[in-house]
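The structure presented is a predicted model; accordingly, all values stated were derived computationally and were not measured.
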Amino acid sequence: MFKESPNPTTVAKLIEKTPAVLKTMLTELDDSLLSWKPADGEWCIKEVIGHLIDMDTLAFADRIQIILDNDTPDMASLDVDEIEAKREDFKRPLAELLLEFEQARETAVAFLMQLPPDQLQRTGVFPVERYFKASDFLYEWPYHDHDHLKQISDIIQASVWGQLSETMQRALRR
């Protein structure tokens with residue numbers, strides 16, 4: 001853990017390269033893998049990218065800005081599954097999704113670079129009277145990115161698990 005809380009510039013640097021990481025990880029993969037859902041109700045890789053776009057454009061920066069602009073504002077939650085279902089990202093080309101994410105992330109990084117650190121203790125109220133500070137959303141951003149990078153890696157891993165021999169599967173479970 002940091003001795004000091006990371007400032008907005010540090011967080012911007014933590015999230016700035018996620019689009020490039022995804023491009024490197026995914027560009028050579030077949031569309032059938034990018035659209036494959038490991039289980040009912042779970043997202044495919046393309047839908048995870050769509051979710052990352054949504055969170056950059058609908059959640060993190062917007063919520064921080066609303067908190068900074070208002071005194072303890074009431075804030076609505078997002079139904080991320082409903083939003084993703086409407087996007088239909090599983091039908092879109094990967095290159096299009098990666099470009100959209102890259103553009104959204106550039107805007108987000110610029111927002112973070114100008115964010116006043118002294119205002120990050122301001123709060124907003126979510127349903128059921130949960131109070132969140134602007135800094136909560138700031139620090140959640142890189143956590144969220146890395147959680148979904150792991151999810152994408154898990155999807156890729158799950159796609160090849162069945163191809164491994166039983167001997168190899170047993171060895172990997174140890």
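- Contact annotation: the side chain of I45 never approaches that of L94 to less than 4.5 Å [non-hydrogen atoms, C-beta and beyond].
- Of all heavy-atom pairs spanning T57 and D62, the tightest one is O-OD2, 2.9 Å.
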Between F90 and C44, does a side-chain contact (heavy atoms from CB on, under 4.5 Å) hold up when you go through it step by step?
-> CA-CA 7 Å; F90 65 94; C44 68; 3.8 Å; yes
Go through D136 and K133 one step at a time and tell me if the salt bridge (charged side-chain N to carboxylate O under 4.0 Å, His left out) criterion holds.
-> CA-CA 5 Å; D136 290 326; K133 297 176 187 175; over 6 Å; no
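- For the pair S135 (side chain) and L138 (backbone), a donor-acceptor distance under 3.5 Å is absent.
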Take D145 and R105 through the salt bridge (charged side-chain N to carboxylate O under 4.0 Å, His left out) test and state the conclusion after the steps.
-> CA-CA 11 Å; D145 268 19; R105 187 49 58 95; 2.5 Å; yes
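- With D79 contributing its side chain and E82 its backbone, the two residues share a donor-acceptor pair below 3.5 Å.
- At least one donor-acceptor pair closer than 3.5 Å links the side chain of Y139 to the backbone N or O of P6.
- Residue K37 places its NZ atom among more than 12 non-hydrogen atoms of other residues, nucleotides or ligands, all under 6.0 Å distant.
- In this structure, D147 does not pair ionically with K150, as no charged nitrogen and carboxylate oxygen lie closer than 4.0 Å.
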Which is it for R92 and E100 under the salt bridge (charged side-chain N to carboxylate O under 4.0 Å, His left out) test, yes or no, and what are the steps along the way?
-> CA-CA 11 Å; R92 296 176 62 194; E100 184 180 351; 2.6 Å; yes
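- Annotation: the span from I152 atom CD1 to M25 atom CE amounts to 6.0 Å, rounded to 0.5 Å.
- When all heavy atoms of A134 and I64 are compared, the closest pair comes out as O-CG1, 3.7 Å.
- Put simply, CG on L149 and CG on L52 are 7.5 Å apart, with the number rounded to the nearest 0.5 Å.
- Proximity of D74 to F126: side-chain heavy atoms (C-beta onward) are nowhere separated by under 4.5 Å.
- Salt bridge present: K91 and E88 bring a charged side-chain N and a carboxylate O closer than 4.0 Å.
- Looking at I53 and L58, their side chains never come closer than 4.5 Å, going by heavy atoms from C-beta outward.
- Electrostatic pairing of E47 and R87 does not count as a salt bridge here, judged by no charged N lying under 4.0 Å from a carboxylate O.
- Closest approach of D89 and G50 over heavy atoms only: OD2-CA, 3.0 Å.
- Within 6.0 Å of the CD atom in E166, the count of heavy atoms belonging to other residues, nucleotides or ligands does not exceed 12.
- Two rings, from F132 and F60, have their centers 6.0 Å or more apart.
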